[in-house]
Engineer: 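Below are the structure tokens for one structure; questions will follow.
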Number of protein chains: 2
Amino acid sequence: MGRPRQFDEERVIRAVCQEFWAKGFDGTSTADLCRVTGLTRSSLYNTFHSKEHLFRRALSYYVSTMTARQATVLDTPAASGLERVRALLAVIVDEETANRESGRGAGCFTVNTITSIASRNPDVARVVEADLDKRLSSLRLALMDGQLDGSVAADRDPGDLAWYVTSLVSGMRVAAQSGAGRTVLEGIASTGIEALTP
Amino acid sequence: MGRPRQFDEERVIRAVCQEFWAKGFDGTSTADLCRVTGLTRSSLYNTFHSKEHLFRRALSYYVSTMTARQATVLDTPAASGLERVRALLAVIVDEETANRESGRGAGCFTVNTITSIASRNPDVARVVEADLDKRLSSLRLALMDGQLDGSVAADRDPGDLAWYVTSLVSGMRVAAQSGAGRTVLEGIASTGIEALTP
DNA sequence: TTCTTTTTGGAATGTTAGATACAAAACGAA
DNA sequence: TTCGTTTTGTATCTAACATTCCAAAAAGAA
């Protein structure tokens with residue numbers, strides 16, 4: 001059977017994810033990855049093949065956990081369509097505030113990736129594009145529900161509104177990285193929601 | 001007096017700016033900079049001292065030209081406050097569309113910088129922070145004008161609204177890098193403007 | 001135990017990075 | 001023309017980079 005692994009793969013991915021999130025693909029060295037995981041180069045390469053594979057694993061882990069969490073909020077029944085979008089933005093604000101206070105640094109790994117390597121790496125681009133499609137779909141459904149229950153303006157294409165909310169979220173992530181705190185983010189969210197009301 | 005320069009400094013800065021814009025600080029090598037400028041390492045280092053200095057020069061050049069252009073739009077008299085903000089968003093859409101069609105790639109150098117090295121380089125962070133302050137001020141003035149002339153909702157703090165518009169712009173930049181074309185960007189802009197109306 | 005297989009530690013490899021050294025070149029000033 | 005000064009081209013330096021190699025270690029299977 002061979003010698004067993006001395007590490008937990010998901011724990012390693014989590015550590016790698018945080019490092020790539022903070023420093024980006026180009027700004028992270030394999031030495032950094034060894035340091036934050038506690039693994040040697042051998043174990044890292046034996047398991048994950050290359051820095052780029054490891055990056056994609058970390059990014060996929062991030063988008064799947066993030067998007068799942070957000071989809072859960074968006075799919076909450078009972079609440080109106082608008083309330084579900086409002087809840088999503090509240091989650092974003094909470095996340096950014098928590099990350100800031102725990103010293104993890106602000107911003108979103110996905111946004112950071114879109115604005116850096118995604119344009120130069122088709123494989124990475126595919127990961128973020130697939131994730132974007134999922135998020136747009138979830139949003140679109142919630143917004144259509146909102147148009148049916150009367151909480152969301154019915155005179156706009158729900159697809160356009162989904163793009164708007166996605167942009168708003170990205171903008172809030174960038175604002176957080178620019179130093180915006182909870183109060184400012186809450187202002188952005190509550191103002192941004194106004195655009196959706198009938 | 002010494003030997004005269006064989007290159008135009010601003011032309012070099014423009015070329016360097018495009019390269020850093022496309023690949024970021026970490027993703028751009030000094031060899032890349034020599035290639036796009038046509039200069040040797042000697043001339044580059046003799047004039048700009050280091051890769052980091054050159055990056056800050058390029059970033060400063062970008063933010064000053066960009067923010068000046070946007071301030072011009074925002075300061076147009078005659079038009080209402082809301083119309084001036086609407087005009088700003090239209091400029092963003094036009095820029096992104098033009099960049100996309102000219103193959104220059106989408107997105108904003110400032111946003112790319114905020115989401116990558118700004119958090120790890122205080123000198124760079126200062127440049128984007130100073131620029132952010134300027135943009136927020138211009139926006140705030142236009143929005144206050146809008147509240148006075150009745151085109152902008154008066155029940156919100158103009159500072160909060162300025163942050164909202166800034167986030168919206170950043171979000172549109174990220175959306176453009178995610179593949180959003182002119183139609184989608186126009187939808188985001190026109191939806192986003194709704195949040196400002198009384 | 002012995003064999004087979006896999007992981008692990010650490011050194012080694014080849015490449016590229018940012019930055020410099022230095023002499024030749026190109027000008028104005030004297 | 002000669003001198004002083006700055007730029008330029010080439011060569012070079014050291015450090016860092018991603019990746020590979022290989023032998024020792026650790027398990028199950030025979």
Side-chain angles (χ1 to χ4, degrees), chain A residues 1-60 113 116-118 120-124, chain B residues 1-60 112-113 116-118 120-124 127:
Chain A
M1 252 273 96
R3 181 173 174 176
R5 293 245 169 98
Q6 292 180 342
F7 61 90
D8 173 46
E9 201 164 305
E10 190 179 315
R11 211 215 76 238
V12 167
I13 290 293
R14 271 197 300 267
V16 165
C17 182
Q18 276 201 240
E19 191 71 0
F20 276 132
W21 184 356
K23 300 189 184 176
F25 181 78
D26 293 318
T28 304
S29 69
T30 53
D32 290 331
L33 299 174
C34 291
R35 185 175 41 78
V36 298
T37 59
L39 300 192
T40 63
R41 282 182 164 70
S42 291
S43 301
L44 232 40
Y45 273 88
N46 185 52
T47 311
F48 304 105
H49 315 306
S50 72
K51 181 184 166 184
E52 199 195 310
H53 276 86
L54 193 41
F55 182 85
R56 283 209 300 275
R57 276 287 299 268
L59 181 61
S60 299
T113 300
S116 52
I117 17 98
R120 284 170 290 136
N121 189 320
D123 294 320
V124 170
Chain B
M1 252 274 97
R3 181 173 174 175
R5 293 242 169 99
Q6 292 181 344
F7 61 90
D8 174 44
E9 201 166 304
E10 190 178 316
R11 210 215 76 239
V12 167
I13 289 295
R14 270 196 300 267
V16 165
C17 183
Q18 276 200 239
E19 191 72 1
F20 276 131
W21 183 356
K23 301 188 184 176
F25 180 78
D26 293 317
T28 304
S29 69
T30 54
D32 290 332
L33 299 174
C34 291
R35 184 175 42 76
V36 299
T37 59
L39 300 191
T40 63
R41 278 187 168 69
S42 291
S43 300
L44 232 42
Y45 274 88
N46 185 52
T47 311
F48 304 105
H49 315 305
S50 74
K51 181 184 168 185
E52 199 196 309
H53 276 86
L54 194 40
F55 182 85
R56 282 208 302 274
R57 277 287 298 268
L59 180 62
S60 298
N112 297 359
T113 300
S116 52
I117 16 98
R120 282 170 294 135
N121 187 320
D123 294 320
V124 170
V127 176

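Quick note on labels: first sequence line is chain A, next is B, and so on, each numbered from 1.
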Engineer: Can you see whether Asp32(B) engages Ser29(B) through a side-chain donor-acceptor pair at a distance of less than 3.5 angstrom?
Structural biologist: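 On atom types as modelled, these side chains qualify, holding a pair under 3.5 Å.
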Engineer: Please report the distance, rounded to the nearest Å, between CG in Asp26(B) and C1' in dA18(D).
Structural biologist: 15 Å
Engineer: For the CD1 atom of Ile117(A) and the CG atom of Leu59(A), what is their distance to the nearest 0.5 Å?
Structural biologist: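 Reported value, rounded in 0.5 Å steps: 7.0 Å.
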Engineer: Tell me the interatomic distance from His53(B), atom NE2, to dA19(C), atom P, rounded to whole angstroms.
Structural biologist: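 Rounding to the nearest Å, NE2 of His53(B) and P of dA19(C) are 10 Å apart.
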Engineer: Between Gln6(B) and Phe25(A), which residue's closest nucleotide on DNA chain D lies nearer the 5′ terminus?
Structural biologist: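 Taking each residue's closest nucleotide, the earlier one in sequence belongs to Gln6(B).
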Engineer: Using a heavy-atom cut-off of 4.0 Å across all strands, would you classify Ser43(B) as base, sugar-phosphate, or nothing?
Structural biologist: sugar-phosphate
Engineer: Whole angstroms only, please: what is the CG-C1' distance between Leu39(B) and dG18(C)?
Structural biologist: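 Nearest whole value for this atom pair: 17 Å.
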Engineer: Without decimals, in angstroms, what is the distance between Asn46(A) CG and dA18(D) P?
Structural biologist: 18 Å
Engineer: Starting at the 5' end of nucleotides 10-15 of chain D, put B wherever the base has a protein heavy atom under 4.0 Å, S where only the sugar-phosphate does, and a dash everywhere else.
Structural biologist: B-----
Engineer: Compile the donor-acceptor pairs under 3.5 Å between side chains in residues 20-27 of chain A and protein atoms, sequence neighbours left out, one pair per line.
Structural biologist:
unit_1: Trp21(A); atom_1: NE1; unit_2: Gly107(A); atom_2: O; d: 3.4
unit_1: Lys23(A); atom_1: NZ; unit_2: Glu19(A); atom_2: OE2; d: 3.1
unit_1: Asp26(A); atom_1: OD2; unit_2: Arg120(A); atom_2: NH2; d: 3.4

Engineer: Measure the distance from CG on Asp32(B) to C1' on dG18(C) and round it to the nearest whole Å.
Structural biologist: 13 Å
Engineer: How many whole angstroms separate atom CG of Leu44(A) from atom P of dT20(D)?
Structural biologist: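 Rounded to the whole Å, the gap is 13 Å.
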Engineer: State, with a plain yes or no, whether a side-chain heavy atom of Glu52(A) is found less than 4.5 Å away from one of Asp123(A).
Structural biologist: yes
Engineer: Does the side chain of Thr40(B) reach to within under 4.5 Å of the side chain of Ser43(B), using non-hydrogen atoms?
Structural biologist: yes
Engineer: Answer whether the closest heavy-atom distance between the side chains of Thr37(A) and Phe7(A) falls below 4.5 Å.
Structural biologist: no
Engineer: Which part of the nucleic acid, if any, lies within reach of Thr30(A) when heavy atoms closer than 4.0 Å are counted: base, sugar-phosphate only, or nothing?
Structural biologist: base
Engineer: Between the main-chain N or O of Leu44(B) and the side-chain N or O of Thr47(B), is there a donor-acceptor pair closer than 3.5 Å?
Structural biologist: no
Engineer: Rounding to an integer number of Å, can you tell me how far Met1(A) CE sits from dT2(C) P?
Structural biologist: 23 Å
Engineer: Tyr45(A) has an atom OH; how far is it from atom P of dG10(C), in whole Å?
Structural biologist: 18 Å
Engineer: Do Arg3(B) side-chain and dT6(D) base share a donor-acceptor contact under 3.5 Å?
Structural biologist: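 No.
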Engineer: Using a 4.0 Å heavy-atom cut-off, does Phe7(B) contact any base of the nucleic acid, only the sugar-phosphate backbone, or nothing at all?
Structural biologist: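 Answer is sugar-phosphate: Phe7(B) comes under 4.0 Å of backbone atoms only.
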